[in-house]
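The analysis underlying the following values was restricted to heavy atoms, covering all of them including side chains, and did not include hydrogens, waters or symmetry mates.
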Amino acid sequence: GGVHFPDLQITGSQSIYGYRNKVQFPVQSQNGKTVAGFYRAGSHTVIPITGCKIQPESAEQIRAAVLSWMEKENVPAYDERTHTGLVRHIYLRCGVKLGQTLVCIVANCEALPKKKTLVREILAADANVTGIVVNYNTKKSNVILGERFETLYGEGYLEDMLLGLTFRLSPAAFYQVNHDQAERLYEKAIEFAGFTGEETALDLYCGSGTITLCLARHVKTVYGVEIVDAAIHDAKENARRNEITNAEFFCADAGQAAIQFARDGVKPDVIVVDPPRKGCDETLLQTIADMQPKRMVYVSCDPATLARDVKRMGELGYQVEKVAVVDQFCHSGHCESGCLLSKKKLD
């Protein structure tokens, strides 16, 4: 992005094993046997995994329980070539602070058979499971989750705590995969924003409202925007249960929402963005510049798209002031970054 920081500091992680709170196992039939694990690099061939150092220990117990149920009940694995079979993915989420585990079975059907025995197998494997749901995805697509969920046991969501706030998380809602490092990242984002308590803030790509509600304690008003309806439902519920009244949430595309805010005359002092790996599109960056916030905090999981967008914001009148890097994906080549951009002063 044309910005150089010779003394760039990286926040390391105290825990480098078992840190992931989210696991997705694709399921396949291989030589007459059902297996689950991870895809071989650059392919859709599943390598059976019996243990992974960066995921919680419960993941292997639950994986084994689901495979055992499939074998006993003759429930076939999904075959993406023929679009036949039932179980596509075994998907787990864990709440680090509250110790909850949510299990989601992604199925290629309208109604999963043998559900009672599935629940028994999973609970026998891990007593900490607080919810079991089925996600129905019958599309010929690489997208993991479909739109319809059925709760088989407990609640259809997970609860966890982040920076002292309690969050409800639906299976489809975004949540950082490394809890402790997410707290470090959000603390850095709040520090960069330089709030005095009188600001209006806008949080784009807000997910379940985690960053939005953490910001709410430091600003006058904050607006959160997210395109996933279930996540916005969670965000509103999270605001209610944390008794936060100065946060409003909107279900919309980030770029379209920013344009609407600009039309409505909303003038945020600080805009926070935490986009997916592809980064922000040109329309959104232009709209942010048109709104002329004093500061922009850009949280990114991809340094390449961050660099691209930082360069563009420079052309639109914003300069990089601070950068923080957080080692959030230990034992991998990925990292999370936080970047403060301030509006340039005119000569």
Side-chain angles (χ1 to χ4, degrees), residues 1-11 41-42 142-143 174-178 181-182 184-194 201-207 210-212 215 223-228 231 252-262 268-330 332-346:
V3 182
H4 184 52
F5 280 85
D7 59 345
L8 183 64
Q9 298 296 307
I10 299 176
T11 301
N142 290 333
V143 175
F174 173 77
Y175 191 55
Q176 297 283 358
V177 300
N178 185 330
Q181 289 297 86
R184 305 291 82 75
L185 178 68
Y186 291 175
E187 287 171 342
K188 186 60 67 173
I190 292 168
E191 174 193 325
F192 280 5
L202 176 57
D203 178 21
L204 302 176
Y205 308 99
C206 72
T210 47
I211 293 182
T212 317
L215 297 179
Y223 302 100
V225 177
E226 170 61 52
I227 198 169
V228 179
D253 170 77
Q256 293 302 314
I259 291 172
Q260 189 59 51
F261 278 120
D269 302 290
V270 179
I271 294 180
V272 178
V273 296
D274 184 7
R277 196 168 296 277
K278 66 180 180 179
C280 302
D281 62 31
E282 169 64 23
T283 301
L284 176 58
L285 295 177
Q286 182 65 61
T287 304
I288 290 173
D290 292 344
M291 297 174 82
Q292 298 188 12
K294 298 173 185 175
R295 296 176 296 281
M296 174 184 178
V297 178
Y298 193 137
V299 177
S300 170
C301 60
D302 189 325
T305 53
L306 174 64
R308 180 199 67 200
D309 293 348
V310 158
K311 182 178 181 180
R312 179 59 181 142
M313 288 306 296
E315 297 167 352
L316 294 171
Y318 284 81
Q319 63 189 10
V320 177
E321 300 284 353
K322 299 178 181 178
V323 177
V325 179
V326 177
D327 185 13
Q328 188 148 312
F329 312 103
C330 310
S332 83
H334 301 282
C335 67
E336 199 84 12
S337 305
C339 185
L340 171 64
L341 299 99
S342 296
K343 188 171 175 56
K344 295 178 183 177
K345 294 182 175 64
L346 296 176

Colleague: Could you tell me which residues satisfy salt bridge (charged side-chain N to carboxylate O under 4.0 Å, His left out) with E321, sequence neighbours excluded, listed by chain and number?
Modeller: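 With sequence neighbours excluded, E321 shows a salt bridge (charged side-chain N to carboxylate O under 4.0 Å, His left out) to no residue whatsoever.
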Colleague: Would you say Y318 and I288 make side-chain contact, with heavy atoms under 4.5 Å?
Modeller: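 No - every pair of side-chain heavy atoms lies 4.5 Å or more apart.
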Colleague: Under 3.5 Å, side-chain donor or acceptor atoms of residues 332-341 against the rest of the protein: list the pairs with distances, not counting sequence neighbours.
Modeller:
| from | atom 1 | to | atom 2 | distance (Å) |
| --- | --- | --- | --- | --- |
| S332 | OG | F329 | O | 2.6 |
| S332 | OG | H334 | N | 3.1 |

Colleague: With sequence neighbours excluded, tell me which residues meet ring-ring contact (aromatic ring centres under 6.0 Å, His included) with Y223.
Modeller: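 Y223 satisfies ring-ring contact (aromatic ring centres under 6.0 Å, His included) with F261 only.
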Colleague: Apply side chain to side chain contact (heavy atoms under 4.5 Å, CB included) to K311 and list each qualifying residue two or more places apart in sequence or on a separate chain.
Modeller: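 Scan of K311 (side chain to side chain contact (heavy atoms under 4.5 Å, CB included), adjacent residues dropped) gives E315.
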Colleague: Within this structure, what is the CG-CZ distance for the pair D327 and R184, rounded to the nearest 0.5 Å?
Modeller: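 CZ of R184 is found 13.5 Å from CG of D327.
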Colleague: Name each donor-acceptor pair under 3.5 Å that joins a side chain in residues 276-284 to protein atoms two or more places apart or in another chain, with its distance.
Modeller:
| from | atom 1 | to | atom 2 | distance (Å) |
| --- | --- | --- | --- | --- |
| R277 | NH1 | C301 | O | 3.2 |
| D281 | OD1 | T283 | N | 3.3 |
| D281 | OD1 | L284 | N | 2.8 |
| E282 | OE1 | R312 | NE | 3.0 |
| E282 | OE2 | R312 | NE | 3.1 |
| E282 | OE2 | R312 | NH2 | 2.9 |

Colleague: How many angstroms lie between atom CD1 of I271 and atom CG of L202, to the nearest 0.5 angstrom?
Modeller: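 If I round to the nearest 0.5 Å, the distance is 5.0 Å.
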Colleague: Using side-chain heavy atoms (C-beta onward) and a distance below 4.5 Å, is L306 in contact with Y298?
Modeller: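 When only atoms from C-beta onward are counted, Y298 and L306 do touch, with a gap below 4.5 Å.
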Colleague: Can you name the side-chain hydrogen bond (donor to acceptor under 3.5 Å, both in side chains) partners of S300, sequence neighbours left out?
Modeller: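 By the side-chain hydrogen bond (donor to acceptor under 3.5 Å, both in side chains) rule, S300 matches no residue at all.
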Colleague: Please list, chain by chain and in numerical order, all residues satisfying side-chain hydrogen bond (donor to acceptor under 3.5 Å, both in side chains) with Q328, sequence neighbours excluded.
Modeller: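 Applying side-chain hydrogen bond (donor to acceptor under 3.5 Å, both in side chains) to Q328 gives Q176.
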Colleague: What's the shortest heavy-atom distance between A252 and V225, and which atoms?
Modeller: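 Nearest pair, atom of A252 first, then V225: O-CG1, 3.5 Å.
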Colleague: Sequence neighbours excluded, which residues qualify as side-chain hydrogen bond (donor to acceptor under 3.5 Å, both in side chains) partners of N178?
Modeller: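 Checked N178 against side-chain hydrogen bond (donor to acceptor under 3.5 Å, both in side chains); zero matches.
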Colleague: Got a donor-acceptor contact below 3.5 angstrom from the D253 side chain to the Q256 backbone?
Modeller: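 Indeed, once roles are kept as given, a pair shorter than 3.5 Å links the two residues.
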Colleague: Under the rule for side-chain hydrogen bond (donor to acceptor under 3.5 Å, both in side chains), what residues qualify as partners of R295, not counting sequence neighbours?
Modeller: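 Partners of R295 by the side-chain hydrogen bond (donor to acceptor under 3.5 Å, both in side chains) criterion come out as none, since no residue qualifies.
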Colleague: Find the distance between CE (M313) and CD (Q286) and round it off to the nearest 0.5 Å.
Modeller: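 Answer for the CE-CD pair, M313 versus Q286, is 8.5 Å.
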Colleague: Which atom names give the shortest non-hydrogen contact between A231 and E226, and what distance separates them?
Modeller: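 Here A231 and E226 meet closest at CB-CG, 3.9 Å.
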Colleague: Could you state the interatomic distance from CG (L316) to CG (D290), rounded to the nearest 0.5 Å?
Modeller: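 Output value for this atom pair is 8.0 Å.
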Colleague: Between OG1 of T210 and CG of L185, what distance do you get to the nearest 0.5 Å?
Modeller: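 One finds 10.0 Å between OG1 of T210 and CG of L185.
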Colleague: Would you give the length of the straight line joining atom CG of D309 to atom CE of M296, rounded to the nearest 0.5 angstrom?
Modeller: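 Rounded to the nearest 0.5 Å, the CG-CE separation comes out at 7.0 Å.
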Colleague: Does A307 have any side chain to side chain contact (heavy atoms under 4.5 Å, CB included) partners at least two apart in sequence or in another chain, and if so, which?
Modeller: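 A307 satisfies side chain to side chain contact (heavy atoms under 4.5 Å, CB included) with no other residue.
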Colleague: Applying side chain to side chain contact (heavy atoms under 4.5 Å, CB included), name anything that partners Q260, two or more places apart in sequence or on another chain.
Modeller: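 Side chain to side chain contact (heavy atoms under 4.5 Å, CB included) list for Q260, sorted by chain: R263, D264.
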